[in-house]
Amino acid sequence: MAEPIPRPLPRSFYERDVCEVAQDLLGCLLVHRVGGRRVGGRIVETEAYGGPGDPGSHADRAPTGRARIMFGRPAIAYVYFTYGMHYCMNAVTGPEGVGSGVLLRAAEPMWGIEEMRARGFPPRLPDHMLMSGPGRLCRALGVGREHNGVELTRGPLTIRAGGAAEQVRSGPRVGLTRDDGRRWRYWIASPSVSRR
DNA sequence: TCTATGATCGTA
DNA sequence: ACGATCATAGAG
């Protein structure tokens, strides 16, 4: 028997300001059930997107196209394809109609390391890098186009309470980074796991 | 350790 | 054309 894992976060968790949700997702558990196997880990880096006045957000424009789902029901996955080869995964937040979500940037692998490696990572890549970065995170979990719009409060792909206060050793760090010299982005990370 | 570059395709 | 990225090659 596998040991029990915490319950999924309720929808009310996501029905708040995107920045609050981004912070509170640190330390929570991202779990995927695939082929009868549990794959996943502890969320250690998030990034809030959307709300009014975020030019970097896909939801900055009209509620149409791929970002339409960001304006919809909270606690739904927004998965998009980028750079012709990577998927990225968000959790939709806030009230319906606002257009916001939390990008899951990195997690610490806890279950299914073998299943992750079977997805063809570089052979030398250390375990802690398998879910480090939004593209690798989705690849490790086997999350792709078919997961766009899925429910995160139940079903195979869930986010669960993880005892953030205990797990995130030094509390969240909030950063301001520059993406390729053009655009400023806020991100929130646990210092307990290095990305390098 | 770092900087530069290619891969590859949906969206605007 | 360009991007909410990643892997690799080459220089220092």
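Lettering of chains follows the sequences in order, A, B, ..., and the numbering in each one begins at 1.
The number of heavy atoms from other shown groups lying within 6.0 Å of CZ (Arg61(A)) does not exceed 12.
For dA7(C), neither phosphate oxygen OP1 nor OP2 lies less than 4.0 angstrom from any side-chain nitrogen or oxygen of Arg124(A). Residue His58(A) places at least one side-chain N or O under 4.0 Å from the OP1 or OP2 atom of dA4(C). Look at Arg61(A) and you won't find any side-chain N or O under 4.0 angstrom from OP1 or OP2 of dT11(B).
Atom CZ of Arg66(A) and atom C1' of dA4(C) are 9 Å apart (whole Å). Atom OH of Tyr87(A) is separated from atom P of dA7(B) by 20 Å (rounded to the nearest Å). With rounding to whole Å, Met85(A) atom CE is found 8 Å from dC9(B) atom P. The distance from atom CE of Met129(A) to atom C1' of dT5(C) is 12 Å, rounded to the nearest whole Å. Rounded to an integer number of Å, the gap from Leu130(A) CG to dT5(C) P is 18 Å.
By the stacking rule of 5.5 Å between ring centres and under 30° between planes, Tyr80(A) does not stack on the base of dG10(B). Here Tyr83(A) does not lie in a stacked arrangement on the base of dA7(B), lacking the combination of planes under 30° and ring centres under 5.5 Å apart.
Listed by chain and number, the residues in a ring pair (Phe, Tyr, Trp, His ring centres under 6.0 Å) with Tyr80(A) are His58(A), Tyr78(A) (sequence neighbours excluded).
Here the closest non-hydrogen pair linking Arg16(A) and Thr93(A) is O-CB, 4.1 Å.
Atom-to-atom distance recorded for Met70(A):CE and Asp60(A):CG is 10.0 Å, nearest 0.5 angstrom.
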Reading DNA chain B 5' to 3', how would its secondary structure be written in dot-bracket notation, given Watson-Crick and G-U pairs with both distances under 3.5 Å, brackets [ ] for crossing pairs and | for partners on other strands?
|||||||.|||.

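When the C1' atom is used for both dT5(B) and dC2(C), the distance is 16 Å, rounded to whole Å.
Here Gly84(A) lies in heavy-atom contact (under 4.0 Å) with a base.
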